[in-house]
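Report on the structure given below.
Just the heavy atoms: all of them, side chains too, but no hydrogens, waters or symmetry mates, feed the values below. Remember, predicted model here, so these are calculated numbers, not experimental data. Chain A is the first sequence line, chain B the second, and so forth, proteins listed ahead of strands; every chain is numbered from 1.
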Amino acid sequence: MFEETRSKLKSIDVGSSNAEFLYSFLRAFNFPKATISKLQLHNNSNSFLLKNKLLFVATEKANPFAELEALKLNGLAKIKARIILIANKDYILSFDKSTEDTLSVSKKELYNYFDFFLPIVGIEKKNLKNAKTANLKSAEKFAELYNSLVQSGECRSEADRRSLNIMMARLLFCFLAESIDAIEKGAIYNLISTYTSASGANLNVLLKNIFNVISGRDRADLPDYLARLPILNISLFEEEIEVPKFNNQSRKLLLDISSIDWTTVNPDILGSLVQSTFVPDNSLGLCNHYTSVSNIMKVLGPLFLDELYEIFEAKRNDVYGLQCLLARISSVNVFDPTCKAGNFLIVALKELRKLESNIHSALQILSGEITKPKSIINVCQFYGVEPNYFNTLITRIGLWITDFQTNDSEHINPLDSIDSFDASNILFANPTRIDWSRFCTDKEESYIICNPTYKGATKQTPQQKADVAYVFRNHTNTSSLDYASCWVYLSAQYIKNTKSRAALVATNSITQGQQVGLLWPKIFAQDVEIFFAHTSFKWKNSSKDNTGVTVVIIGLASDGVVNVKRLYSQSTTDETSNISPYLTTGDKTIVKRRRTPLSSLPPMPKGNMPYDDGNLILSRQEKLELVNENPAAKIFLKRLMGSKEFIHDIERWCLWITDDNLSEANQIQPIKHRIDKTRESRLSKADRAAKKLANRPHQFRETNITITQSILVPSVSSERRKYIPIDFVFSKTIISNLAFAVYNCEPWIFGVLTSKMHLLWIKAVCGSLETRIRYSSELGYNTFPFPNITEEQKEMITACVYSIIQEREKHAEKSLAQMYDPTNMSGELLHSHEVMDSVIESCYRKEPFLSDQQRLEHLFSAYRDKLICK
DNA sequence: CATCCGACAGAGA
DNA sequence: TCTCTGTCGGATG
């Protein structure tokens with residue numbers, strides 16, 4: 001169906017003018033002539049708008065990312081088009097506003113990515129089950145072969161696994177070597193198909209021979225068919241390994257793999273795919289998530305590439321300037337201290353070569369020379385540390401093939417290119433245990449890029465726990481840190497007092513909640529600051545399972561190295577003099593956990609934790625059945641509310657038994673059964689506290705109850721609502737550990753908690769679940785700066801509270817979720833909240849606040865003042 | 001003792 | 001399969 005589009009795109013003359021390029025592009029997607037001739041000029045003569053579909057921008061800039069950034073600065077929302085297509089002489093950069101996908105390819109390769117543009121003809125990519133790319137196909141075949149060999153029982157021991165991994169890496173190397181003619185094309189396929197039997201029985205012997213011949217170990221009296229293989233003098237083939245036995249099926253898979261056309265395989269994602277599909281478990285418990293190219297560009301651009309391109313644009317007509325720039329890029333180090341399959345390094349190499357090629361083109365124009373010299377960017381400038389041996393091999397392979405593919409010179413002998421396999425600096429080690437500065441010694445400038453493993457403090461393996469303890473051995477209060485903090489800290493140490501910079505992708509947790517107070521003082525103490533950052537966005541790559549995590553990007557530099565800091569979000573870019581550890585434009589104020597409220601507010605504990613494996617809790621149905629059969633059970637039941645039951649008005653019940661009426665409760669068989677099960681479950685836990693709780697299995701861990709009225713605050717709730725849904729609950733309700741409670745409180749407290757001021761504070765200083773609002777008392781409530789107010793003010797607030805309650809009562813049939821639906825909130829309810837907001841704000845100061853930014857600044861300064869007073 | 005977190009998890013469309 | 005939005009339990013301070 002789209003073959004025609006593809007072939008039309010392929011036939012576009014790359015050298016044509018911008019307008020011609022655009023016309024051909026649109027014709028490929030079958031836009032009628034009339035549409036094309038009616039194209040509107042947009043803002044200036046370099047861009048065209050196809051309304052609601054496409055904005056085409058022609059640029060002179062060699063780095064189209066700069067043009068996209070410029071558009072973002074002006075606000076992407078204003079652009080009335082789904083897809084933005086930026087084109088310079090050779091490359092195109094495209095951005096899909098809806099999916100936030102980025103595509104960066106040369107014009108020549110554009111046809112292979114036509115599906116990116118299908119939304120402009122009304123087809124969503126997700127609906128398109130198109131043929132898999134060569135990359136994915138190859139990776140899956142590789143994974144199949146790997147699994148087949150593992151499952152046939154050939155690779156039981158650790159040593160067998162290792163041999164298998166090395167064999168897989170060697171095979172990958174051989175096929176790529178064929179693709180660049182370092183090995184005769186089809187040689188491996190022919191050897192296997194000709195000299196092994198269909199049963200696969202002697203295939204392992206043949207492979208062993210092939211490896212021996214290639215390594216040069218065993219070349220005496222070779223039969224002719226093996227003698228034609230070259231000697232590849234690299235470490236990959238040095239070790240003599242046991243090759244696992246093949247069977248009919250695995251032999252067939254290997255033949256399939258060797259007949260793939262490896263010339264079309266893209267090294268920056270192949271390695272990652274291979275790795276993510278066939279290293280399912282590894283002894284270090286590290287994850288195999290890899291970073292997509294568009295995410296890598298979010299890191300490389302602000303870290304150094306944008307700056308290099310700015311220099312290039314400025315010196316375009318200056319031979320000396322261009323030569324200086326060349327000298328500079330030939331001496332930078334790029335260092336990924338947890339490189340996995342190496343795709344950061346590979347993309348960095350590719351991008352630097354692209355820039356180099358641009359510089360050579362500019363120099364050619366200035367000097368009139370025709371031939372391009374050999375690249376001065378060497379793979380030895382690329383450093384990686386990786387605790388998985390197989391990954392180090394994949395990284396080396398990726399860098400080697402990229403080195404060959406991106407070298408402009410036509411006179412590189414494929415066999416000579418092999419040397420770069422061992423030239424790259426890839427170290428097999430645990431990066432938390434080595435001294436980075438002794439591995440990647442700082443020449444002129446080094447750039448650290450990485451996407452370390454994230455693991456929350458309570459989810460770390462003992463090994464990871466020990467790693468964190470080792471990295472932070474000179475500090476206290478470190479056992480709640482995420483595993484990724486190690487890389488932030490070590491990066492800061494590495495760049496300290498140098499001009500080098502670092503940029504990391506990390507879980508957003510390290511920029512939120514308690515971790516801010518635990519990590520960032522240790523970073524800032526080294527005179528290192530955040531010079532750019534990208535706020536939270538949902539992690540995505542093209543791997544089959546897109547795991548749920550929300551990430552940020554953090555750029556670090558020594559104080560004073562970078563003056564203008566850039567703060568990026570999905571659609572905006574802010575320039576500022578400081579980026580806070582919460583990734584806002586504020587100052588470096590850090591809010592730390594407090595046990596008691598800073599202001600004159602009553603305590604807010606968490607609700608009661610069941611700790612029961614579900615045995616003390618009943619659904620509506622279970623409760624009805626119990627009461628039907630045992631009417632006496634009724635007095636032991638109370639409504640239970642966590643966030644979900646509270647917000648969505650879901651009926652859930654719990655057994656609430658005091659020591660006094662325990663014997664009475666035990667008379668009812670189903671209740672006794674539930675109590676017994678709770679005891680069992682608590683006893684089965686390793687935790688000492690749990691065993692102690694088994695002594696009172698009829699009760700929740702905490703036993704707080706409401707006597708008059710309590711305010712319930714859900715601990716997690718959607719960030720899309722205008723207000724956090726909170727409400728009063730009364731004595732029949734038990735609040736669970738999934739909500740906070742101000743027990744038996746005065747009504748005006750409700751006014752403070754529901755206010756916009758409080759919400760802003762909570763969003764700013766508490767943690768979050770992905771991007772949900774995660775309320776917390778120690779971080780958000782106890783730290784909230786609220787003025788001491790008069791009785792009159794309390795009365796005013798109370799009046800507003802009642803008017804909100806009254807508005808809610810008009811919709812008594814609705815749940816809080818429905819009343820506070822972000823798209824459908826009643827005008828009166830909204831209004832009563834706004835009145836409340838202004839009353840609360842008037843407690844802070846007479847003149848009204850003009851923006852949330854102002855409100856937050858006031859809150860932070862009030863927080864600092866209160867702290868000093870205490 | 002009692003809080004904050006999760007390379008998440010479960011439900012609904 | 002994607003979108004939306006909050007469970008549950010326990011190590012940790």
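The distance from atom CG of A/N704 to atom P of B/dA2 is 8 Å, rounded to the nearest whole Å. Between the NZ atom of A/K592 and the P atom of B/dC4 there is a distance of 15 Å, rounded to whole Å. Between the C1' atom of B/dA9 and the CZ atom of A/R772 lies a distance of 12 Å, rounded to the nearest Å. As a whole-Å value, the separation of A/E702 CD from B/dT3 C1' is 10 Å. One atom, CD of A/Q514, and another, C1' of B/dA2, lie 13 Å apart when rounded to the nearest Å. Taking atom CG of A/L779 as the reference point, atom P of B/dA2 lies 17 Å away to the nearest angstrom. A straight line from CG of A/N608 to P of B/dA2 spans 11 Å, rounded to a whole angstrom. Atom-to-atom, CG of A/L519 to P of B/dC5 comes out at 13 Å; the value is rounded to the nearest Å.
When the P atom is used for both C/dT5 and B/dA7, the distance is 22 Å, rounded to whole Å. Taking the C1' atoms as reference points, B/dC4 lies 15 Å from B/dC8, given to the whole Å. Distance noted for atom P between B/dG12 and C/dC8: 14 Å (whole Å). Straight-line distance between the P atoms of C/dG9 and B/dA11: roughly 15 Å, to the nearest whole Å.
A close approach under 4.0 Å does occur between a side-chain nitrogen or oxygen of A/H648 and OP1 or OP2 of C/dG6. Checking the phosphate oxygens (OP1, OP2) of B/dC5, no side-chain nitrogen or oxygen of A/K459 falls inside 4.0 Å.
The residue among A/K644 and A/N508 whose nearest nucleotide of DNA chain B is located toward the 5' end is A/N508. Checking A/Y775 against A/K692, the closest nucleotide of DNA chain B that is more toward the 5' end is the one next to A/K692.
The shortest distance between side-chain heavy atoms of A/L640 and A/I617 falls below 4.5 Å.
At a threshold of 4.0 angstrom between heavy atoms, the contacts of A/E770 include nucleobase atoms, whether or not backbone atoms are also involved. Residue-level contact check: A/P714 touches neither bases nor backbone, having no heavy atom under 4.0 Å from any strand. Using a 4.0 Å heavy-atom cutoff across all strands shown, A/R594 reaches no nucleic acid atom at all. At a threshold of 4.0 angstrom between heavy atoms, the contacts of A/N451 include nucleobase atoms, whether or not backbone atoms are also involved. Residue contacts for A/F740: at a heavy-atom cut-off of 4.0 Å it reaches the sugar-phosphate backbone alone, with no base atom in range. Contacts of A/P452 with the nucleic acid, taken as non-hydrogen atoms under 4.0 Å apart, include base atoms. Using a 4.0 Å heavy-atom distance criterion, A/T550 is classed as making no nucleic acid contact.
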5' to 3', nucleotides 8-13 of chain C under a 4.0 Å protein heavy-atom cut-off (B base, S sugar-phosphate only, - none) gives BBBBSS
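Taking the charged nitrogens against the carboxylate oxygens, A/R82 and A/D96 do have a contact shorter than 4.0 Å, which makes a salt bridge. The existence of a salt bridge linking A/R808 and A/D727 is confirmed by a sub-4.0 Å separation between a basic side-chain nitrogen and an acidic carboxylate oxygen.
Pair assignment for B/dA11 gives C/dT3, based on Watson-Crick or G-U wobble hydrogen-bonding distances that are each under 3.5 Å.
A/T511 and A/W520 are not linked by any side-chain donor-acceptor pair at a separation below 3.5 angstrom, with hydrogens and angles left out of the test. Side chains of A/S768 and A/Q512: a donor on one and an acceptor on the other come within 3.5 Å.
Taking the six-membered ring where tryptophan is involved, the planes of A/W656 and A/F700 are perpendicular, since the angle between them exceeds 60° and thus also 30°.
A/K298 NZ to A/I553 CD1: the interatomic distance, rounded to the nearest 0.5 Å, is 6.0 Å. Between A/N608 atom CG and A/S736 atom OG the span is 8.0 Å, to the nearest 0.5 Å. If you take CD on A/E778 and CD on A/Q514, they are separated by 9.0 Å, rounding to the nearest 0.5 Å.
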